[in-house]
Amino acid sequence: MDYGKERVVALVDMDCFYVQVEQRLNPALKNTPCVVAQYKTWKGGSIIAVSYEARAHGVTRNMWVDDAKKLCPDLQVARVRESHGKADLTHYREASVEVIEVMSRFAVIERASIDEAYMDLTAAVQERRKKMTDQQIDPSLLRTTYIQGYPQSDLEPFMGDDSNQRRSRGVEQWLASLPAPSTGGQSSAELQLTVGALIVEEMRAAVEKHTGFRCSAGISHNKVLAKLACGLNKPNRQTVVPLDSVTELFSTLPIEKIRNLGGKMGASIKEALGVDNMGDLTQFSQAQLGQHFGEKTG
DNA sequence: CATTGCTCCCCA
DNA sequence: TGGGGAGCA
């Protein structure tokens, strides 16, 4: 039973979604340090979404607006609509529906929150592969894709640190390592992920075209890895996490970075087993985890 | 009062 | 059915 390679799963996450909604409404906010805040009376209100320009100044979610202005004096503030004295998020929910509608053209969507959705792309990948016959995949179709673990530096000893050049070399190396799509009946797991990434590139382009909103995405073999992948390169980028990259990725990954292990659960695992990294966990057997839920990661 | 709001899950 | 805990944004 080759474990966990059979599906292609993606997570799409809108970049600072509430900010983008406000920026579409008021274009003067585009490309500026700005936040969305709720309530006004206490310390200027609390911040619930932050543009990347504002993040560069150290502004974070949950900060008071008055404190954020100290870090970023020309910060612009959009306010959440209030009705009956409560924050009213219907505005953002409606924008979320727009996004979901576009994404649903490509696959069945599982809405995870107002700005995140999972999708199982396994069937869509099989369909797409039938149409692809034996063509090679052109790297220009993976314009915003990162392959975790690539470029392998031993193959690329003199690589600079220009980030798009590195990204691009990684994709080229990865594509070169794939078996030819036409050989054999069923494709490798790696090829499936690549075709998944192709579909997600197209989906994200369609979302931006029809809604104006940008997003990031992760593509892997299960929801936990897709979620982790999505966070590796933001904003407006997507990341493939192949199973072979997981060992290295986990070797330095704090347990609380894994979805559902960010709270007491993760803390209790650390204490009970005396470990810090996901990599340290692999030496324990399934039996030790049986007490709790059964999400596997590979 | 000073995160807040939402969602999922479990249990009475 | 609703409250409370947990996790997340």
Side-chain angles (χ1 to χ4, degrees), chain A residues 9-23 34-55 58-71 75 77-97 99-100 103 109-119 213-218 222-237 253-272 278 281 289-297:
Chain A
V9 175
L11 170 73
V12 177
D13 183 306
M14 307 309 294
D15 301 325
C16 52
F17 185 48
Y18 293 3
V19 166
Q20 288 200 82
V21 172
E22 297 296 339
Q23 285 173 330
C34 68
V35 295
V36 177
Q38 54 190 0
Y39 309 119
K40 182 111 190 38
T41 44
W42 189 263
K43 299 187 177 185
S46 74
I47 293 171
I48 59 173
V50 187
S51 76
Y52 280 80
E53 291 84 352
R55 292 181 199 197
V59 177
T60 66
R61 189 187 174 83
N62 300 336
M63 207 172 252
W64 300 116
V65 168
D66 290 352
D67 293 336
K69 285 244 173 90
K70 292 171 199 159
L71 295 173
L75 187 70
V77 182
R79 300 280 165 188
V80 174
R81 183 174 142 210
E82 264 183 64
S83 53
H84 322 299
K86 291 298 249 178
D88 178 9
L89 305 179
T90 47
H91 195 200
Y92 310 111
R93 290 205 191 90
E94 286 164 6
S96 173
V97 170
V99 172
I100 296 290
M103 294 196 308
I109 302 304
E110 178 194 339
R111 201 171 164 243
S113 76
I114 196 167
D115 73 340
E116 283 186 340
Y118 289 93
M119 58 209 71
F213 300 136
R214 292 179 170 182
C215 56
S216 301
N222 60 54
K223 285 163 71 169
V224 170
L225 288 180
K227 170 74 175 166
L228 178 64
C230 181
L232 295 175
N233 294 287
K234 284 184 169 195
N236 202 24
R237 295 292 182 268
L253 189 78
I255 285 171
E256 66 270 19
K257 294 288 172 70
I258 293 290
R259 182 178 177 176
N260 290 332
L261 300 183
K264 303 197 172 187
M265 185 75 220
S268 69
I269 289 173
K270 280 189 171 187
E271 181 168 345
M278 283 304 290
L281 262 189
L289 297 181
Q291 189 175 353
H292 301 288
F293 56 77
E295 188 90 48
K296 64 162 178 18
T297 47

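Proteins get letters first, then strands, A, B, ... in listed order; numbering begins at 1 in each. Side-chain atoms are counted along with the backbone in the values below, which use heavy atoms only and exclude waters and symmetry mates. All figures in this text were calculated on a predicted structure; none of them were measured in a lab.
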Would you indicate, yes or no, if B/dG5 has its OP1 or OP2 atom less than 4.0 angstrom from a side-chain nitrogen or oxygen of A/Y39? yes
Counting only side-chain heavy atoms from C-beta out, which of C/dA9, B/dG5, B/dT3 sits nearest to A/K227? C/dA9
Closer than 4.0 angstrom, basic N to acidic O: yes or no for A/E82 and A/K40? no
Do the side-chain N and O atoms of A/E22 and A/Y92 include a donor-acceptor pair separated by under 3.5 angstrom? yes
Grab the CD1-P distance between A/I114 and B/dC8 for me, whole Å please. 13 Å
Relative to the 5' end of DNA chain B, which residue comes earlier, A/R61 or A/R111, by the nucleotide with the nearest heavy atom? A/R61
Can you tell me, in whole Å, how much space there is between the P of C/dA9 and that of B/dA2? 25 Å
Looking at B/dA2, C/dG7, B/dT4, which one has an atom nearest to any side-chain atom of A/M265? C/dG7
Indicate yes or no: does A/D66 engage A/K69 in a salt bridge with an N to O separation below 4.0 Å. no
The side chain of A/K86 is closest to which nucleotide in this list: B/dC6, C/dC8, B/dG5? B/dG5
When the P atoms of B/dT7 and B/dT3 are compared, how many Å lie between them, rounded to an integer? 22 Å
Length of the CZ-C1' vector between A/R259 and C/dC8, whole Å: 8 Å
d(CD1, A/I269; C1', C/dG7) in whole Å: 14 Å
Would you mind reading off the distance between A/L261 atom CG and C/dC8 atom P, rounded to a whole angstrom? 8 Å
Just to confirm, is there a sub-4.0 Å distance from OP1 or OP2 of C/dC8 to any side-chain nitrogen or oxygen of A/K264? no
Given B/dC6, B/dT3, C/dA9, which nucleotide is nearest the side-chain atoms of A/E116? C/dA9
Considering only heavy side-chain atoms of A/N62, the closest of B/dT3, B/dT4, B/dC6 is B/dT3
Shortest side-chain distance from A/W42, nucleotide among B/dC6, C/dA9, B/dA2: B/dA2
Under a plain distance cut-off of 3.5 Å, with no hydrogens placed, do A/S216 and A/D15 share a side-chain donor-acceptor pair? yes
Rounded to whole Å, CD of A/Q38 lies from P of B/dA2 at a distance of 16 Å
A/R81 bridged to A/D88 by N-O distance under 4.0 Å: yes
